[in-house]
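Values below: every heavy atom of this structure, side chains too, minus hydrogens, waters and symmetry copies.
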Amino acid sequence: MHTRRQLPHRLTLGLGMLTVGLVLGAAGCGTSRYVGSVGPSGVYGNLGYGLTLNLQAGELSARWKLVSPDAPEEAPPGASPEALNAPLDLDGDGELEGRETMRHLRPTLRLIARSSSVAAVRLDVDVVILGGAEAERPLDEVARAARVELAGAPTGEDAWTELRVAPSFHARALSGPGFRLAVIDQVGFQGEAAATPRRHSVRVLLVAPEVTPALAADFELVLGALSLASQAGPVSRQDKW
């Protein structure tokens, strides 16, 4: 990865939310806003996090299979995302309250390499809401904490790369044995009913026994195919809190 690499500008606020709304509107099925779904055009969308991933970019879907948000239990052994019906910090105050309960997956979405019969090679995209004191932590601290959580303890020799992810998000990226990790700092996200915008930490993680050039290229492809809006999509009656 190149320092200060600028990914293609794919998103403005209005266009981003239109994209998310159209994707999930076409998918239908009453999917929870924080679970997300895939529309007929092959784009995954998540209204709650204002996130889309174009699974057709660079023929990504030919090499990777998305674990169904509606049936995560159908993933290969050991690869099922955790399906939760639990509070999310929707107002970003650092407190989890019963009224904030939402169905969601952890990680938010998971791709499994079609060439792998087991979950040895995967690409995850996860969104974590940073609330309260966590929302004030510098990006470098957030990135190091994500590295420990997702890829094991740091070696003391970690060399992070600075990135800018379109349209204007700061990020940190790290390459290590068996993984690639990017931590995107999404500040000023306007959620459902919060008066104060909240902060998202978006993590993109590639895990493989060996990160080949082809896998590293797909990691970059996912980063480029990911669109982050600055506002959540419309709230349905069943999702109001």
- Apply the test side chain to side chain contact (heavy atoms under 4.5 Å, CB included) to residues Leu174 and Thr161: give CA-CA distance (whole Å), side-chain angles for both, the deciding distance (0.1 Å), then the verdict. CA-CA 6 Å; Leu174 180 66; Thr161 300; over 6 Å; no

Contact summary for [X] and [Y], nearest pair of heavy atoms:
X	Y	value
Leu105	Pro81	CB-CB, 4.4 Å
Arg199	Pro138	NH2-C, 4.1 Å
Gly48	Ala232	O-CB, 3.8 Å
Trp64	Ala113	CE3-N, 3.4 Å
Pro209	Val121	CD-CG2, 4.0 Å
Ala171	Val165	CB-CG2, 3.9 Å

Here's a test for you: under side-chain contact (heavy atoms from CB on, under 4.5 Å), which of Leu90, Leu47, Val127 qualifies with Tyr34?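 Checked Leu90, Leu47, Val127 against Tyr34; only one passes side-chain contact (heavy atoms from CB on, under 4.5 Å): Leu90.
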
Flag the pair [X] / [Y] as yes when at least one side-chain heavy-atom distance between them is below 4.5 Å, and no otherwise.
X	Y	answer
Leu109	Leu53	yes
Ile184	Leu223	yes
Val148	Pro154	yes
Ile129	His200	yes
Val35	Thr108	no
Arg63	Arg114	no
Leu181	Val204	no
Leu88	Tyr49	yes

- Message: For Arg172 and Glu162: C-alpha separation, side-chain torsions, deciding distance, then whether side chain to side chain contact (heavy atoms under 4.5 Å, CB included) applies.
- Response: CA-CA 5 Å; Arg172 299 290 185 268; Glu162 291 187 21; 3.8 Å; yes

Answer yes if [X] and [Y] sit in the same cluster of Ile, Leu, Val, Met, Phe, Trp and Tyr residues linked by side chain heavy atoms under 4.5 Å apart, and no otherwise.
X	Y	value
Leu84	Val128	no
Val187	Val202	no
Val183	Phe179	yes

Would you call [X]-[Y] a salt bridge at under 4.0 Å N-O?
X	Y	answer
Asp91	Arg99	yes
Asp124	Arg110	yes
Asp89	Arg198	no
Glu149	Arg203	yes

**Request:** Give a yes-or-no answer on whether the side chains of Trp160 and Asp140 include a donor-acceptor pair shorter than 3.5 Å.
**Result:**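 No, Asp140 and Trp160 have no side-chain donor paired with an acceptor closer than 3.5 Å.
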
What distance do [X] atom [atom1] and [Y] atom [atom2] have between them, rounded to the nearest 0.5 Å?
X	Y	atom1	atom2	value
Asp185	Ser201	CG	OG	7.0 Å
Asp126	His104	CG	NE2	9.0 Å
Leu123	Ile112	CG	CD1	9.0 Å
Leu51	Phe189	CG	CZ	9.0 Å
Leu66	Ser61	CG	OG	10.0 Å
Leu55	Tyr44	CG	OH	10.0 Å

| request: Start with the C-alpha gap between Leu111 and Lys65, add the side-chain angles, then the distance that decides, and say whether side chain to side chain contact (heavy atoms under 4.5 Å, CB included) holds. | output: CA-CA 5 Å; Leu111 300 170; Lys65 181 179 180 180; over 6 Å; no

Assess whether atom CD of Glu59 is packed by more than 12 heavy atoms of other residues, nucleotides or ligands within 6.0 Å.
->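 No, not enclosed.
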
Worksheet item: How far apart are the C-alpha atoms of Val43 and Val38, what are their side-chain angles, what is the distance that settles it, and do they pass the side chain to side chain contact (heavy atoms under 4.5 Å, CB included) test?
Response: CA-CA 5 Å; Val43 177; Val38 180; over 6 Å; no

Next item on the list: Please check if the side chain of Gln186 supplies one atom and the backbone of Ala229 the other of a donor-acceptor pair under 3.5 Å.
Entry: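 Present.
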
Between Ser80 (side chain) and Pro72 (backbone), is there a donor-acceptor pair under 3.5 Å?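 Confirmed, Ser80 side chain pairs with Pro72 backbone.
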
